[in-house]
Amino acid sequence: MGRENIGIVRFNQKIGKTMRVLLIGSGGREHALAWKIKQSKLCDKLFCAPGNAGIGQIAECVNIQVEDIAGLLDFADREKIDLTVVGPEIPLSLGIVDEFTRYGLKIFGPSRAAARLEASKIFSKELMAKYKVPTAAFRIFDNLQEAESHIEKIGAPCVIKADGLAAGKGVIVAKTVNEAKQAVIAMMQERLFGESGNRIIIEECLEGQEVSIIVITDSKEVLALASSQDHKRIFDNDSGPNTGGMGAYSPAPIVTNELFKEIMNKVIYPTIDGLAKEGIDYRGVLYAGMMLTKEGLKTLEFNARFGDPETQAILPRLKSDLLEIMLAASEQKLNRIRTLEWDKRFCVCVVCSAGGYPGSYEKGKEIFGLDKAAQMPDVVVFHAGTKLLNNKVITNGGRVLGVTGLGSSIGEAMDKTYAAVREISFQGMHYRHDIGRKALRY
Ligand code: AMP
Ligand code: GLY
């Protein structure tokens with residue numbers, strides 16, 4: 001597989017703003033994608049399905065849900081969309097890329113078979129085992145009693161994972177045998193995640209710092225994005241329950257050049273090559289979540305999409321034209337993109353969430369201070385769970401905003417971001433005060 005750029009493939013795209021683009025999703029990640037796509041020299045018109053209040057300021061939002069593959073296909077066909085960009089995992093796992101491709105519509109994202117890397121943890125573990133991608137030792141179970149006796153045999157701590165998608169809740173790091181058994185019962189007997197828990201994985205509990213790398217690939221070429229670090233716990237100092245992600249910064253100093261090379265050689269390339277050997281062409285975003293353990297680098301999971309909120313911290317640093325890159329990947333001509341150019345500055349994204357999240361929370365709270373925050377230099381406010389009601393922006397989800405700031409040091413980026421966060425308020429608003437602090441140590 002040629003990793004170098006061999007030969008010159010002519011860039012056929014007509015010069016000028018010619019493309020009609022459809023973006024799918026409604027979170028902070030999608031607002032960051034919309035913001036970046038809108039800056040592309042190729043983008044003439046941007047639609048987003050279904051979008052949010054912030055996306056609505058820069059794109060035309062259309063009320064089609066992300067699961068409605070037929071509706072999205074119909075819209076893309078009718079509106080003569082040149083490229084569709086898929087944000088979340090659900091439409092990928094439902095085969096949106098296969099459907100669009102079947103009708104000759106260009107789309108950026110992996111096929112259903114390729115997206116199984118995220119949609120089926122068993123598929124992903126078996127692929128890693130087969131192609132010697134380092135990962136935690138594991139066993140697969142489809143029988144409750146056998147799973148329970150395995151837990152008794154290996155003891156705690158151990159990690160229980162539902163095979164299928166579970167809105168980020170399908171992984172339980174169990175500290176006791178009892179907790180592990182409860183997790184297995186919830187998944188296999190009480191069917192907490194429906195069919196996603198038909199089969200489960202019980203794996204070795206790893207310890208160490210988590211790192212992630214996100215790449216764009218067309219299965220032949222791979223372009224890595226700048227490193228980033230997510231913060232999954234709700235409270236400062238990584239305490240409290242897991243969330244979808246409460247903030248991120250980029251670059252992540254923990255990812256040294258040496259570690260980056262190791263990640264590419266041990267995880268990213270063997271995974272993409274392994275899929276190719278299985279007859280699966282991976283085109284789109286590949287996100288590898290890993291842990292640096294005493295025994296070395298181990299892979300925790302793959303996602304078949306951009307991370308949220310990592311994207312909000314990465315894209316403000318990307319100088320290259322993202323739309324051009326995504327178009328090239330979808331045409332399997334990624335070799336026409338030489339390198340990615342980055343702003344050397346640091347970027348911090350702080351998520352403002354609704355009171356109660358990740359548990360139950362209220363919606364419909366008016367958000368104040370958005371304009372003032374957005375006017376601050378080097379600050380962008382990405383919307384996640386927001387909507388417009390009577391010309392007022394109100395909360396409409398658990399993660400509400402991703403306030404993002406750039407600075408020449410991580411400290412400056414933190415200062416700018418937190419100054420903007422302090423301009424914003426809504427009833428019950430919560431945010432972490434320590435996003436970026438870990439990077440200060442380096
Ligand atoms: P995953 O969706 O597989 O990344 O799991 C979500 C989170 O669970 C990860 O970000 C880790 O914090 C944790 N996790 C997953 N697998 C393991 C493991 N084998 N050992 C320890 N923690 C894990
Ligand atoms: N921030 C982790 C994810 O997007 O899955």
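Just the heavy atoms: all of them, side chains too, but no hydrogens, waters or symmetry mates, feed the values below. Both counts, for ligands and for their atoms, begin at 1 and track the order of listing.
For the ligand labelled ligand 1, residue Cys205 lies inside the 4.0 Å heavy-atom shell. Judged by the shortest distance from any of its heavy atoms, Glu207 lies outside the 4.0 Å radius around the atoms of ligand 1. The closest approach between any non-hydrogen atom of Lys298 and ligand 1 is not below 4.0 Å.
Each of the following atoms of ligand 2 lies closer than 4.0 Å to a heavy atom of Tyr287: 2 (C). Near Lys121, meaning under 4.0 Å from any of its heavy atoms, are these atoms of ligand 1: 2 (O), 3 (O). For ligand 2, the atoms sitting less than 4.0 Å from at least one non-hydrogen atom of Asp230 are 1 (N), 2 (C), numbered in the order shown with element in parentheses. Counting atoms of ligand 2 from 1 in the listed order, those under 4.0 Å from a heavy atom of Arg305 are 3 (C), 4 (O), 5 (O). Atoms of ligand 1 found under 4.0 Å from any heavy atom of Glu204, numbered from 1 in the order shown, are 18 (C), 19 (N), 20 (N). Taking every non-hydrogen atom of Lys232 and a distance limit under 4.0 Å, the qualifying atoms of ligand 1 come out as 10 (O). Listed by atom number, the atoms of ligand 2 under 4.0 Å from Gly244 heavy atoms are 1 (N). Of all the atoms in ligand 2, the ones that sit under 4.0 Å from a non-hydrogen atom of Gly307 are 4 (O).
If you check which protein heavy atom lies closest to atom 19 (N) of ligand 1, you get Glu203 OE2, 2.7 Å. The protein heavy atom nearest to atom 17 (C) of ligand 1 is Leu300 CD2, 3.6 Å. Protein heavy atom at the shortest distance from atom 10 (O) of ligand 1 is Glu210 OE1, 2.8 Å. Atom 13 (C) of ligand 1 has as its closest protein heavy atom Val173 CG2, 4.0 Å.
Of the heavy atoms in Glu310, only side-chain atoms (C-beta onward) come closer than 4.0 Å to ligand 2. The parts of Leu206 lying near ligand 1 are both backbone and side chain, judged by heavy-atom distances below 4.0 Å.
Taking the charged nitrogens against the carboxylate oxygens, Lys298 and Glu295 have no contact shorter than 4.0 Å, which rules out a salt bridge. For the pair Asp281 and Lys220, the salt-bridge criterion is not met [side-chain N within less than 4.0 Å of a carboxylate O]. Ion pairing between Lys130 and Glu126 fails under the 4.0 Å rule for side-chain N and carboxylate O. Between Glu412 and Arg345 there is no salt bridge, since no side-chain nitrogen of the basic residue lies less than 4.0 Å from a carboxylate oxygen of the acidic one. Salt-bridge check for Arg305 with Glu89: passed, with a basic side-chain N closer than 4.0 Å to an acidic carboxylate O. Taking a cutoff of 4.0 Å between a charged side-chain nitrogen and a carboxylate oxygen, Asp378 and Lys416 qualify as a salt bridge.
Contact check for Arg317 versus Leu406: side-chain heavy atoms found under the 4.5 Å cut-off. Looking only at side-chain heavy atoms (C-beta outward), Ile214 and Ile314 come within less than 4.5 Å of each other. Considering only heavy atoms from C-beta on, Glu278 comes within 4.5 Å of Tyr131 through its side chain.
Atom 15 (C) of ligand 1 has its nearest heavy-atom neighbour, among Met290, Lys161, Glu301, in Lys161. Distances from atom 7 (C) of ligand 1 to the heavy atoms of Asn303, Val171, Thr299 put Val171 nearest.
Remark: the Asp163 side chain and the Ser120 side chain contain an N/O donor-acceptor pair separated by less than 3.5 Å. Between the side chains of Lys125 and Thr135, a donor-acceptor pair is found at a separation under 3.5 Å.
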Verdict with supporting geometry, His430 and Tyr357, ring pair (Phe, Tyr, Trp, His ring centres under 6.0 Å): CA-CA 9 Å; His430 167 79; Tyr357 173 82; 8.9 Å; no
